Amino acid sequence: MKEKELRRSLAVLPIGTVMKLTDLSARQIRYYEEQALITPERNAGNRRMFSLNDIDRLLEIKDFLADGINMAGIKEIYARQKQRAEQKQADLAKPLTDRDVRRILHDEFLNLGGLQSDKGPNYPAR
DNA sequence: TTTCTCACA
DNA sequence: TGTGAGAA
């Protein structure tokens, strides 16, 4: 029953609503789109129409930023997320060994640390 | 009225 | 990222 997923992907929200829902400025929302972090549809009059999935995505991005991760980092996270999705398919045929899993988790931690932005506007001087 | 794109003292 | 201009 993936009826819900379809509805969540229906782009029906104008940027104004998204601004209120995510507490982000139109500027930021458009910028994130430029960075390919979100891909809202376009409707009549070239207006952006967002879906519930976009909202979740935006909120997620907000959290990442709050954790001190920068655009590049977030892009990587989604890039890896995509890779994982693709890897998952391959893994279906060839399951990972315990040793592989450990190595992957190890890398994950190291990389997450590298994604922390080196003191930016997200690091209050307090 | 709302949103879009573009450009910057 | 903010902000203002000019158009739709």
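What's counted below: heavy atoms across the whole structure, side chains too, no hydrogens, waters or symmetry copies. Please read all numbers here as calculations on a predicted model, not as lab measurements. Throughout, a chain's letter reflects where its sequence line sits, starting with A, and its residues are numbered from 1.
A/D23 pairs by the side chain to side chain contact (heavy atoms under 4.5 Å, CB included) definition with A/K62, not counting sequence neighbours. Applying the side-chain hydrogen bond (donor to acceptor under 3.5 Å, both in side chains) test to A/E3 and every residue at least two apart in sequence or in another chain returns A/R7. By the side chain to side chain contact (heavy atoms under 4.5 Å, CB included) test, A/R57 pairs with A/I38, A/E60, A/I61, A/Y78, A/Q81, sequence neighbours left out. Taking the side chain to side chain contact (heavy atoms under 4.5 Å, CB included) definition, one finds that A/Q35 meets it with A/Y31, A/L37, A/M71, A/K75, sequence neighbours left out. Residues meeting the salt bridge (charged side-chain N to carboxylate O under 4.0 Å, His left out) test with A/D63, sequence neighbours left out: none. For A/D56, there are no side-chain hydrogen bond (donor to acceptor under 3.5 Å, both in side chains) partners two or more places apart in sequence or in a different chain. Every salt bridge (charged side-chain N to carboxylate O under 4.0 Å, His left out) that A/R84 has, sequence neighbours left out, goes to A/E108. A/L10 is linked by a side chain to side chain contact (heavy atoms under 4.5 Å, CB included) to A/V12, counting only residues two or more places apart in sequence or in another chain.
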- Item | Base-contact (B) and sugar-phosphate-only (S) positions in nucleotides 2-9 of chain B, heavy-atom cut-off under 4.0 Å, - elsewhere | BBSB----
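Along DNA chain C, read 5' to 3', the first and last nucleotides having any atom under 4.0 Å from a heavy atom of chain A are C/dT1 to C/dA8.
Listed by first and then second residue, the side chain to side chain donor-acceptor pair (under 3.5 Å) pairs that reach into residues 9-22 of chain A are A/S9-A/N53, sequence neighbours excluded.
The closest side-chain donor-acceptor pair between A/N46 and A/R42 falls under 3.5 angstrom.
A stem is defined here as three or more consecutive Watson-Crick or G-U pairs, each with both distances under 3.5 Å; for DNA chain C these stems are B:2-8 with C:2-8.
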